[in-house]
Amino acid sequence: MAYINGIGLISPQKTVDPTEFLPEIMEYTSDYLKCIEPAYRTYIDPIQSRRMSRLIKMGIASAKISLADAGCSMPDAIITGTGLGSVEDTEKILGDLSSEERFLNPTPFIQSTYNTISSQVAIQLKCHNYNSTYVHRTFSFESGLIDGMMQIEEEMARNVLIGAIDEMTMNHLQITRRIGQWKMEPVNNLALLETKSPGALPGEGAAFFVLGTEKRSSTYAELKDVATCINLNGSFRPEVVLPEFLAKNELSPNDIDLVILGVNGDCKYDQVYTHFANQFFPGKAQAWYKHLCGEYHTATGFGLYVAANILRRPVYPVVLHLNQVVPGKLRNILIYNQFRDVNHSFMLVQGC
């Protein structure tokens, strides 16, 4: 377990200010949800910023916001999860290679590597401590959280900076649309469940969290546990995995006050969530969040932001309601995410 002491989030919603929680809900009718970016000169030297890609600037800014929120100047470890890294820089390299034979600009190549975000954050902070990046598709962020919690449990670190960051581009969108991953036409994000069509609404985001060993005045909640499961040939059995996960933390399904589901508007795979909630949490409050940020490999970072803020304030905004049940108390929140019924993950967050 670890305390969530600071959060920095850049998303398609107005989430840059950590003192506010979804102050204004942004409505879009578009192909994908694009981040609302801050004035980067507040966080990055303008001369350095000129050579940085958009993803790197979002990562550095959100990391600095989270550290300031936690009152932490230097983390003992920096860990980042990303499913795709800098797609924009990768496209630049491929475009230059295919267009003409000439000397290539090395900057996009250097910035296209997955660990560039963690490295650039460390350079900005002058941090020489543990630094790692996880690229495990939709397990990327969860893998980073597990590593960070192990660093704390083994007393290798007291404050760990953990990020979840991915971007979307029109080229990537058009390519992955061919395999049915996304909606084929622009949709309204606040009417996402009314579309009844296959494919999710894509998005992007950069979230950083400061996990620590000590509870502070800035503490949001306690991250109790994280688990990941791969469903190969029907090997994932939630009726076995979920009770074991909760029992490990001395809880049962009855102890969960709110279930946050990764519903993304894909009519083919959202039924996995429906079956899960009906089987294990009938009559319990259910929430969702991907209509606010879109679907991407590390979207669970937005989900953890939602859970942590609900427990800290405590408030349960109507825009997050997936059913009509309102919890009588808010103590234990379970976040359940799955990607096309292959990658399944659980995060247990508790008020403190």
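Side chains included, hydrogens not; waters and symmetry mates left out as well; all remaining heavy atoms used. Everything numeric in this text was worked out from a predicted model, so none of it was measured.
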Exercise for the section: Indicate, with yes or no, if the rings of Y305 and F302 have centres closer together than 6.0 Å. Expected result: yes
Exercise for the section: Flag the pair N159 / T213 as yes when at least one side-chain heavy-atom distance between them is below 4.5 Å, and no otherwise. Expected result: no
Practice task
Kindly give the heavy-atom pair with the smallest separation between K284 and N254, and that separation in Å.
Solution key: NZ-O, 2.8 Å
Handout entry: Nearest heavy atoms of G351 and L311, plus distance in Å
Key = N-CD1, 3.6 Å
Exercise for the section: Take N115 and S118 through the side-chain hydrogen bond (donor to acceptor under 3.5 Å, both in side chains) test and state the conclusion after the steps. Expected result: CA-CA 6 Å; N115 61 351; S118 278; over 6 Å; no
Exercise for the section: For the residue pair E27 and N188, confirm or rule out a side-chain donor-acceptor distance under 3.5 Å. Expected result: yes
Problem - Side chain proximity check, I44 to M52, heavy atoms < 4.5 angstrom - result: yes
Handout entry: Atom NZ of K34 with >12 non-hydrogen neighbours under 6.0 angstrom
Key = no
Handout entry: ILVMFWY cluster, I60 and F141 together (side-chain gap under 4.5 Å)
Key = no
Practice task
May I ask you to check whether Y220 and D69 show a side-chain donor-acceptor distance below 3.5 Å?
Solution key: yes
Completion exercise
In this structure, CG of N249 is separated from CG of N332 (nearest 0.5 Å) by 9.0 Å
Problem - K183 with D266: basic N within carboxylate O range, under 4.0 Å - result: no
Exercise for the section: Assess whether salt bridge (charged side-chain N to carboxylate O under 4.0 Å, His left out) is satisfied between K268 and D341, documenting all intermediate values. Expected result: CA-CA 10 Å; K268 182 177 180 180; D341 202 18; over 6 Å; no
Handout entry: Enclosure of Q324 CD (heavy-atom neighbours >12, cutoff 6.0 Å)
Key = no
Practice task
Would you tell me whether S119 and T116 have side-chain atoms, one donor and one acceptor, within less than 3.5 Å of each other?
Solution key: no
Exercise for the section: Applying side-chain hydrogen bond (donor to acceptor under 3.5 Å, both in side chains), name anything that partners E155, two or more places apart in sequence or on another chain. Expected result: none
Problem - Contact summary for A221 and V349, nearest pair of heavy atoms - result: CB-CG1, 3.7 Å
Handout entry: Close side-chain approach of I4 and T219, heavy atoms under 4.5 Å
Key = no
Handout entry: Any side-chain donor near an acceptor of the partner, S218 and N5, under 3.5 Å
Key = no
Handout entry: Inter-residue atom distance K57.NZ - R41.CZ, 0.5 Å rounding
Key = 12.0 Å
Practice task
For the pair L145 and L304, evaluate side chain to side chain contact (heavy atoms under 4.5 Å, CB included) and give the outcome as yes or no after the intermediate values.
Solution key: CA-CA 11 Å; L145 288 175; L304 184 57; 4.3 Å; yes
Problem - K196 atom NZ, neighbour heavy-atom count above 12 within 6.0 Å - result: no
Practice task
Would you check if there is a donor-acceptor pair between the side chains of T169 and N171 at a distance under 3.5 Å?
Solution key: no
Handout entry: Test side-chain contact (heavy atoms from CB on, under 4.5 Å) applied to I162 and I78, L211, L223, the passing residue
Key = L211
Completion exercise
Output for pair (F139 CZ, N343 CG), nearest 0.5 Å, gives 4.0 Å
Problem - Non-hydrogen atoms of R54 and Y40 that approach each other most closely - result: O-OH, 4.3 Å
Practice task
Go through the steps for Y316 and H321 under the test ring-ring contact (aromatic ring centres under 6.0 Å, His included), then give the verdict.
Solution key: CA-CA 8 Å; Y316 181 32; H321 293 198; 4.0 Å; yes
Practice task
Look at the side-chain heavy atoms of Ile, Leu, Val, Met, Phe, Trp and Tyr, link any pair under 4.5 Å apart, and say whether F236 and F339 land in one connected group.
Solution key: no
Practice task
Compute whether any side-chain donor of one residue and acceptor of the other, for T138 and H297, lie under 3.5 angstrom apart.
Solution key: no
Handout entry: Within 6.0 angstrom of I47 CD1, more than 12 heavy atoms from elsewhere
Key = no
Handout entry: Identified ring-ring contact (aromatic ring centres under 6.0 Å, His included) counterpart of Y336 within the set F245, Y289, F276
Key = F276
Practice task
Could you tell me the separation between the CD atom of E88 and the CE atom of M170, rounded to the nearest 0.5 Å?
Solution key: 13.5 Å
Handout entry: Cationic N near anionic O, under 4.0 Å, K14 to E20
Key = no
Practice task
Indicate yes or no for a side-chain donor-acceptor contact from E204 to the backbone of Y296 under 3.5 Å, with no hydrogens or angles considered.
Solution key: no
Handout entry: Between N337 and T300: side-chain donor-acceptor atoms closer than 3.5 Å
Key = no
Problem - T228 side chain near S345 side chain, heavy-atom distance below 4.5 Å - result: yes
Handout entry: Any side-chain donor near an acceptor of the partner, D147 and Y134, under 3.5 Å
Key = yes
Completion exercise
Closest non-hydrogen atoms of P18 and R313, given as atom of the first, atom of the second and distance, are O-NH2, 3.4 Å
Handout entry: Crowding at CZ, R158 (>12 non-hydrogen neighbours, <6.0 Å)
Key = no
Practice task
Find out whether F281 and P253 are in side-chain contact, i.e. whether some heavy atom of one side chain is under 4.5 Å from a heavy atom of the other.
Solution key: yes
Practice task
Using only heavy-atom distances, determine whether the side chains of H128 and N131 contain a donor-acceptor pair under 3.5 Å.
Solution key: no
Exercise for the section: Evaluate whether atom CZ of R137 has more than 12 neighbouring non-hydrogen atoms of other residues, nucleotides or ligands under 6.0 angstrom away. Expected result: no
Problem - Side chain proximity check, L348 to L251, heavy atoms < 4.5 angstrom - result: yes
Practice task
Salt-bridge test for D257 and R331: reply yes if a basic N is under 4.0 Å from a carboxylate O, no otherwise.
Solution key: no
Practice task
Check whether more than 12 heavy atoms from other residues, nucleotides or ligands sit under 6.0 Å from atom CE of M156, and answer yes or no.
Solution key: no
Handout entry: Donor-acceptor contact below 3.5 Å, side chain S140 vs main chain G81
Key = no
Exercise for the section: Indicate yes or no for a side-chain donor-acceptor contact from K224 to the backbone of M1 under 3.5 Å, with no hydrogens or angles considered. Expected result: no
Handout entry: Polar side chain donor-acceptor pair, Q124 to Q48, under 3.5 angstrom
Key = yes
Handout entry: Over 12 non-hydrogen atoms of neighbours within 6.0 angstrom of CD in E153
Key = no
Practice task
Would you indicate whether the side-chain heavy atoms of L173 and M168 approach each other to under 4.5 Å?
Solution key: yes
Problem - Non-hydrogen atoms of N129 and D76 that approach each other most closely - result: CB-O, 3.1 Å
Problem - Non-hydrogen side-chain atoms of S66 and F209 separated by less than 4.5 Å - result: no
